[in-house]
Q: 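Sharing a structure, written as structure tokens. Questions coming.
Along the sequence shown, residues carry numbers from 1.
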Amino acid sequence: MSILVVGTVAFDAIETPFGKTDKIVGGAASYISLSASYFTKEIGLVSVVGDDFPADFKQLLEKKSINLSGLQVKQGQKSFYWKGKYHTDLNQRDTLDTQLNVLSDFDPIVPEQYKNAEFLMLGNLMPSLQRKVIAQMQKRPKLIVMDTMNFWMEIAMDDLLLTLKEVDVLTINDAEARQLSNEYSLVKAAQKILQMGPKVLVIKKGEHGALLFNREQVFFAPALPLEDVFDPTGAGDTFAGGFIGYLAQTKDISFENMKRGIIFGSAMASFCVEKFGTEKLQELKDTEINERIQEFVDLVQFDISLV
């Protein structure tokens, strides 16, 4: 197994200034897995759904070579559900409804064939559950990437700090970086967070790009200016899937290659926001991805002569 993805597979209902949806498939693990599937065909998924979850989406994941042996289906129970509304500034949203359902007592169980995965992507979950997954691995993966959010910083900070000591890469947004570090400057915030355990930190800034830090270096990748942005839900998870998918494909976890991984992750996220939910991620072609990567290269490449 190349990548083990752990996180939510769920239902979302989304409203943005450009439209709204009824209940559609979402969840961190859905976005991460679909995004990573364009780079590697060895992906295992650990998550939980109710018996209300659509069979056709499970079939779609399997067609993308995503192994569902670790997807628990709870009979007689409902899948996790989130409803949200975005404002004109798509970086701001209101949560209208959250129903934990099967997630309230989720116990992640890693199947035997997943326990030797080279890359582990821990989607946003309770930090203690993320640690429980790490403990089930037969040997330490080549790279452990973790996502988290402000909610866990507010209610489970001690658990979060314990989990941070066990991962290689942390991905969070700029507001979360400031909250975790109590520093406004993202440079100072990054150095504080890197002292908590991770060797590398990715700070996602939405439409303003992404920052990559280790203790000695900083790299910035801009976001691609897009004509149409319909739904930012899942963009950060899609970014993470593209990032770890590219690293798994190349088998190179150097900081230099992570810079390229940031570009590939940003490219995948730019597709995600063009349609609601996972729709765009279900239909991409390799030629589209290559063209989008070239757009990123063209965006930042320039010649300059110093007098």
Q: If you apply the rule side chain to side chain contact (heavy atoms under 4.5 Å, CB included), what do you find for Leu120 with Met146, and how did you get there?
A: CA-CA 8 Å; Leu120 173 57; Met146 168 189 171; over 6 Å; no
Q: Measure the spacing between CD1 of Ile244 and CE of Met258 and express it to the nearest 0.5 Å.
A: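 Here the interatomic distance stands at 9.0 Å.
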Q: When you measure from the side chain of Tyr114 to the backbone of Asn67, do you find a donor-acceptor pair of N or O atoms at a distance under 3.5 Å?
A: yes
Q: Are Phe106 and Leu100 packed together at the side-chain level, in the sense that at least one heavy-atom pair is separated by less than 4.5 angstrom?
A: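 Phe106 vs Leu100: side chains apart.
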Q: Grouping I, L, V, M, F, W and Y whenever their side-chain heavy atoms are under 4.5 Å apart, do Val73 and Leu61 come out in a common cluster?
A: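 Yes, Val73 and Leu61 fall within the same hydrophobic cluster.
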Q: Does the Ser104 side chain pair with the main chain of Asn101, one donor and one acceptor, at a distance under 3.5 Å?
A: yes
Q: Do you reckon Val102 sits in the same ILVMFWY cluster as Ile109, going by side-chain contacts under 4.5 Å, direct or chained?
A: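 Cluster IDs for Val102 and Ile109 differ.
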Q: For Lys192, I'd like to know if atom NZ has over 12 heavy atoms of other residues, nucleotides or ligands within 6.0 Å.
A: yes
Q: Could you tell me whether Lys41 atom NZ has more than 12 heavy atoms of other residues or ligands within 6.0 Å of it?
A: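 More than 12 heavy atoms, drawn from other residues, nucleotides or ligands, come within 6.0 Å of this atom.
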Q: Are the side chains of Leu125 and Trp152 in touch, meaning some heavy atoms are under 4.5 Å apart?
A: no
Q: Sequence neighbours excluded, which residues qualify as ring pair (Phe, Tyr, Trp, His ring centres under 6.0 Å) partners of Phe11?
A: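 Ring pair (Phe, Tyr, Trp, His ring centres under 6.0 Å) check on Phe11 returns Phe53.
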Q: In Å, rounded to the nearest 0.5 Å, how long is the span from NZ of Lys115 to CD of Gln138?
A: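 The CD atom of Gln138 is 6.5 Å from NZ of Lys115, to the nearest 0.5 Å.
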Q: Quick one: CG on Asn124 to CG on Leu129, what's the gap to the nearest 0.5 Å?
A: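 It is 11.0 Å, given to the nearest 0.5 Å.
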Q: Can you tell me if Thr40 uses its side chain to pair, donor with acceptor, with the backbone of Gly245 under 3.5 Å?
A: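 Pair absent, no side-chain N/O of Thr40 close to backbone of Gly245.
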Q: Which heavy atom of Phe119 sits nearest to which heavy atom of Leu247, and what is that distance?
A: CZ-O, 3.7 Å
Q: Phe264 pairs by ring pair (Phe, Tyr, Trp, His ring centres under 6.0 Å) with which of Phe243, Phe39, Phe296?
A: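 With Phe264 as partner, ring pair (Phe, Tyr, Trp, His ring centres under 6.0 Å) holds for just one option, Phe39.
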Q: Which pair of heavy atoms, one from Asp231 and one from Thr16, lies closest together, and at what distance?
A: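 Distance-wise, the nearest heavy atoms are CA-CG2, 4.3 Å.
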Q: Does Thr8 reach the main-chain N or O of Ala28 with its side chain, forming a donor-acceptor pair under 3.5 Å?
A: yes
Q: Are Leu281 and Tyr31 close enough that some pair of their side-chain heavy atoms sits under 4.5 Å apart?
A: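 Yes - at least one pair of side-chain heavy atoms lies under 4.5 Å apart.
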Q: Tell me if a side-chain donor or acceptor on Asp252 pairs with a main-chain N or O of Asn257 at a distance below 3.5 Å.
A: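 Between the backbone of Asn257 and the side chain of Asp252 there is no qualifying donor-acceptor contact (under 3.5 Å).
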Q: First locate atom CD1 of Ile43, then atom NZ of Lys64, and finally report the distance between them rounded to the nearest 0.5 Å.
A: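 Reported to 0.5 Å precision, the distance equals 10.5 Å.
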Q: Can Gln294 and Asn290 be counted as having a side-chain donor-acceptor contact under 3.5 angstrom?
A: no
Q: What are the two closest heavy atoms between Leu299 and Ala223, and how far apart are they?
A: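 Where Leu299 meets Ala223 most closely, the heavy atoms are CD2-O, 3.8 Å.
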Q: Ignoring hydrogens, what is the shortest heavy-atom contact between Val187 and Phe213? Give both atom names and the distance.
A: CA-CE2, 4.2 Å
Q: Please list, chain by chain and in numerical order, all residues satisfying side chain to side chain contact (heavy atoms under 4.5 Å, CB included) with Asn173, sequence neighbours excluded.
A: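 If we apply the side chain to side chain contact (heavy atoms under 4.5 Å, CB included) test to Asn173, skipping adjacent residues, the hits are Ala175, Glu176.
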Q: Identify whether Leu164 and Ile155 are in the same connected component of the hydrophobic contact network (ILVMFWY, side-chain heavy atoms under 4.5 Å).
A: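 Yes.
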Q: Could you tell me the separation between the OG1 atom of Thr98 and the CH2 atom of Trp82, rounded to the nearest 0.5 Å?
A: 8.0 Å
Q: Would Met268 and Arg292 count as a side chain to side chain contact (heavy atoms under 4.5 Å, CB included) here? Give the steps.
A: CA-CA 9 Å; Met268 297 305 294; Arg292 185 61 57 90; over 6 Å; no
Q: Quick check against the 3.5 Å criterion: does Arg131 have a side-chain atom that pairs as donor or acceptor with the backbone of Glu166?
A: no
Q: What I want to check is whether the side chains of Tyr86 and Thr233 have a donor and an acceptor closer together than 3.5 Å.
A: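 Present: a donor and an acceptor within the cut-off.
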Q: Salt bridge (Lys or Arg N to Asp or Glu O under 4.0 Å) between Lys204 and Asp147: does it pass, once the steps are laid out?
A: CA-CA 11 Å; Lys204 301 167 289 185; Asp147 189 27; 3.6 Å; yes
Q: For the hydrophobic clusters of this structure (ILVMFWY residues joined by side-chain heavy atoms under 4.5 Å, transitively), does one cluster hold both Leu103 and Leu96?
A: no
Q: Hey, are the side chains of Ser181 and Gln195 touching, using non-hydrogen atoms and a 4.5 Å cut-off?
A: no
Q: State which residues pass side chain to side chain contact (heavy atoms under 4.5 Å, CB included) with Ser47; sequence neighbours excluded, sorted by chain then number.
A: Val9, Leu45, Leu71
Q: Once you round to the nearest 0.5 Å, how far does CZ of Arg93 lie from NZ of Lys85?
A: 15.0 Å
Q: Tell me whether Lys275 at atom NZ has more than 12 heavy atoms from other residues, nucleotides or ligands lying less than 6.0 Å away.
A: yes
Q: Would you find a donor on one side and an acceptor on the other, under 3.5 Å apart, between the side chain of Gln113 and the backbone of Gly44?
A: no
Q: If you draw a 6.0 Å radius around CG in Asp94, do more than 12 non-hydrogen atoms from other residues or ligands fall strictly inside?
A: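 Atom CG in Asp94 is crowded, with more than 12 foreign heavy atoms closer than 6.0 Å.
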Q: Heavy atoms only: give me the nearest Pro17-His87 pair and the separation to one decimal.
A: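 Closest pair (atom of Pro17, atom of His87, distance): CG-O, 3.5 Å.
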Q: Treating Asn214 as the side-chain partner and Glu216 as the backbone partner, does any N or O pair qualify as donor plus acceptor under 3.5 Å?
A: yes
Q: For Ile144 and Met137, what are the C-alpha separation, side-chain angles and deciding distance, and is it a side chain to side chain contact (heavy atoms under 4.5 Å, CB included)?
A: CA-CA 11 Å; Ile144 302 176; Met137 305 303 288; over 6 Å; no
Q: Quick one: are Gln217 and Glu256 in side-chain contact, heavy atoms under 4.5 Å?
A: yes
Q: Indicate, with yes or no, if Leu162 and Leu201 share a hydrophobic cluster defined by side-chain heavy-atom contacts under 4.5 Å among Ile, Leu, Val, Met, Phe, Trp and Tyr.
A: no
Q: Does Met126 CE have over 12 foreign heavy atoms under 6.0 Å away?
A: no
Q: Can any side-chain N or O of Asp12 pair as donor or acceptor with the backbone N or O of Ile24 at less than 3.5 Å?
A: no
Q: Where is the tightest heavy-atom contact between Thr148 and Met153, given as atom of each residue plus distance?
A: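 Heavy atoms of Thr148 and Met153 come nearest at CG2-CE, 4.2 Å.
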Q: Taking Ser35 for its side chain and Thr238 for its backbone only, find out whether a donor-acceptor pair lies under 3.5 Å.
A: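 Yes, Ser35 side chain to Thr238 backbone: donor-acceptor pair under 3.5 Å.
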Q: Begin from the C-alpha positions of Asp168 and Lys199 and carry the test salt bridge (Lys or Arg N to Asp or Glu O under 4.0 Å) through to its verdict.
A: CA-CA 5 Å; Asp168 301 303; Lys199 301 178 183 69; 2.9 Å; yes
Q: Flag yes if more than 12 heavy atoms outside Lys188 fall under 6.0 Å of its NZ atom; otherwise flag no.
A: no
Q: Using the rule given for side chain to side chain contact (heavy atoms under 4.5 Å, CB included), can you reason through Ile134 versus Val167, listing the C-alpha separation, both sets of side-chain angles and the distance that settles it, and then say yes or no?
A: CA-CA 9 Å; Ile134 296 172; Val167 306; 4.3 Å; yes
